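Right, one structure below, let's go through it.
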Amino acid sequence: MDSSDRSERLATTTRRRVLKAAGAGVGLTALGTTASTGQQSDYWTVVALPDTQVYAKEGTPYGKDQTQWIADNADAENIAFVSHEGDVVDHGDNDAEWQYMDEAMSTLGGVVPYATVTGNHDYATLWDRNSSVAKYREYFGPSRYEDRDWFGGAGPTAGGEGRDNLSTYQLFSAGGYDFLHLALEWEPPGPVDDQSTTLGWAQSVLDQHPDRATILTTHSYLRDGPQRRTREVQEANDIGSKGQTVWEEFVAPNNQIFMVLCGHWHDGTGKSSGEAHQVSTNDDGSSVYELLANYQTRDDGGHGLLRRIEFRPGDGSDAPDRIMVRTYSPSTDEEQTDDDSQFGFDLDFDARFGSSSPGTPTPDTPDIPTVTFQQGTDGYSGTTDTVIRAAEPEASYGTAETLSIDGSDPEGSGSTTQVLLRFDGIIGTDGGQIPPGSDVKQATVAIATSDEGDGAAVHRLRTEWSADSTWASLDGGVQTDGSEAVSDAVARTGAVETGETSIDVTASVQAWTNGAQNAGWVFRPLGNNGWDIQSADSAIPPTLTVSYTPSETLAGDADGDGEVDTDDVDRLQRSIASEDVDIDRDAADVDGDGDVDIGDAVAARNLAGDNQ
């Protein structure tokens, strides 16, 4: 993935009142074959993977079965995120165990955002945080995720080789809500007012994202026997925080944290141990859902049991919506139905996920430039769109007024249709354009939906196409392989209803202002109920609205003449070839990596557009 992709963030900002419970998340395929009676298509799912140490140690198929099931089923179950609860392996210094889990977790790459946390077994010496974490870093450190658009970052960085950057955070969206996930190391040290500590770093992440509802995962937090938060630190050097401290100093004061996931604990009785859940009330009077799952003492380490945490709009009894927790094994295709394995919570998603913490002042937002692009409005004529159909591979639909994204068209055929959409000429130095290098604050595509359907996964394109393109000319449709289109979806709409559908494409527009090729998007179907939208040739063309802050330096303007054109590309290429030529190095470093190289020349060429 090129460096411009790193600025992308997967986000859909429309709330339930707009999409009416459109529940798809980002980066997904489908969870298994065990849909329960009455299951709706508009829910979305977070999967929790309990301790996998037994699978890694014994080399059994269960850990790989778990992730393969997620990859095979992410669209059908609308899986928005996967969180591993720690103890990835049993012996932290054993390469074979790490290689097993590396292979298992790699199945999720490009499919769904995910995270791991350290458990006590993931250190070279059990229970000793001061022992080596080199293997964990090698296989599951920040470098594993740094090119993923949903990866937020790692911390803290206090200078300790064995301690730095063991915690991470991720950004994802589902059901029209924006979420933050915090993956904190085993017994995360504090205090919260010291950013050199894990809890202090985590607090700074929350402060940077106050409007995102947050899930916290850490290895040891809630016990199953007795059921309560931990009251002591188990780490050999007494470095870290007990669960009760994490609650009192970090979770309870931060209203945006609505769920805590953990593993580690089991009461040792075997077949029924390793599960607990409770609802606690934080300092603002809001509910926090605390869930423990760890099946390592059960036969074969639990036969691959995992947690499916389903967010179900409109399914509540005492409140509008419901979180339903289900425990399922992909290996045995069996679901646990006892009260500790299957349970739920009623709440109001809009109230809990849709705004920042009560009592937290909303900072004043200064007016920033906003531009709108719509075919036929204010002289703009740069929108291109079409549908490509597997059933008619040679047919062109460049002038069609209605475009359909469908997994089976004609009905029952299993033949796919994809929609391609692009707004040309949006980056530049003329009035009404977005200046190169701008910081994109918000970019939204509004589409008129003429017939409800299952919606689409929206991926940024990297291949050239035109209104006359066909399924055949694109060699069997667009593949999200990283070459024809970016593998991670920019957004997934979930089920959509008639009316206006808004899609957050901030990540894509940011990539384009940073010099990535603007080839638009491909809309790939999320199901067999086709989604019909109005095209650029219809009475209601798609609209792209972008708010941004201009950069002080015009990215790509190597010669400093106030525009990006062929002269800049030529000057960049000559400089890269070690010719003696003057360039503005800040402007020439389009991708911001500190070097001026061929990638910057390509980015400048993309930014030059019609000025070549």
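These numbers were taken from a predicted model, which means no experiment stands behind them. Just so it is clear, the values below take in all heavy atoms, side chains as well, and ignore hydrogens, waters and symmetry mates. For reference, positions follow the sequence shown, starting with 1.
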| request: Not counting sequence neighbours, list each pair that qualifies as a salt bridge (Lys or Arg N to Asp or Glu O under 4.0 Å) and has a residue in residues 233-255. | output: none
| field | Any side-chain donor near an acceptor of the partner, Ser173 and Asp178, under 3.5 Å | value | yes
| task | Using the test ring-ring contact (aromatic ring centres under 6.0 Å, His included), find all partners of His209 that sit at least two apart in sequence or belong to another chain. | result | Tyr169
| task | Could you list the residues that satisfy ring-ring contact (aromatic ring centres under 6.0 Å, His included) with His459, not counting sequence neighbours? | result | none
| Verdict with reasoning, Tyr55 to Asp300, per side chain to side chain donor-acceptor pair (under 3.5 Å) | CA-CA 8 Å; Tyr55 312 143; Asp300 292 326; over 6 Å; no
| request: Quick one: list whatever passes side chain to side chain contact (heavy atoms under 4.5 Å, CB included) with Asn528, sequence neighbours left out. | output: Ser408
| In Å and rounded to the nearest 0.5 Å, what is the NE2 to CG distance from His264 to Asp224? | 10.5 Å
| Pair Glu85-Arg307, salt bridge (Lys or Arg N to Asp or Glu O under 4.0 Å): steps then yes or no | CA-CA 11 Å; Glu85 297 175 336; Arg307 279 281 172 81; over 6 Å; no
| field | Contacts of type salt bridge (Lys or Arg N to Asp or Glu O under 4.0 Å), residue Asp283, not counting sequence neighbours | value | none
| field | Pairs meeting criterion ring pair (Phe, Tyr, Trp, His ring centres under 6.0 Å) with involvement of residues 273-292, two or more places apart | value | His277-Phe343, Tyr289-Phe345
| field | Tyr136-Tyr123 aromatic ring centre distance below 6.0 Å | value | no
| request: With the side chain counted from C-beta on, respond yes when Val117 and Leu184 share a heavy-atom pair under 4.5 Å apart, and no when they do not. | output: no
| query | Is a donor on one side and an acceptor on the other found under 3.5 Å between the side chain of His84 and the backbone of Ala115? | reply | no
| task | Just jot down the salt bridge (Lys or Arg N to Asp or Glu O under 4.0 Å) partners of Arg524, sequence neighbours excluded, or say none. | result | none
| Lys64 side chain reached by Tyr100 side chain, heavy atoms, under 4.5 Å | yes
| said: Is it the case that over 12 heavy atoms from other parts of the model lie below 6.0 angstrom from the CG atom of Asp339? | reply: no
| message | Going by the rule side chain to side chain contact (heavy atoms under 4.5 Å, CB included), which residues pair with Pro191 if we only count those two or more places apart in sequence or in a different chain? | response | Asp193, Asp194, Thr197
| query | By ring-ring contact (aromatic ring centres under 6.0 Å, His included), which residues pair with Phe250, not counting sequence neighbours? | reply | none
| By salt bridge (Lys or Arg N to Asp or Glu O under 4.0 Å), which residues pair with Asp102, not counting sequence neighbours? | Arg144
| Donor-acceptor contact present, side-chain Asp122 to main-chain Asp87, <3.5 Å | yes
| field | Non-neighbouring partners of Tyr114 that pass ring-ring contact (aromatic ring centres under 6.0 Å, His included), sequence neighbours left out | value | Tyr145, Trp150
| message | Taking salt bridge (Lys or Arg N to Asp or Glu O under 4.0 Å) as the definition, give me every residue that meets it alongside Lys135, ordered by chain and number, with sequence neighbours left out. | response | Asp95
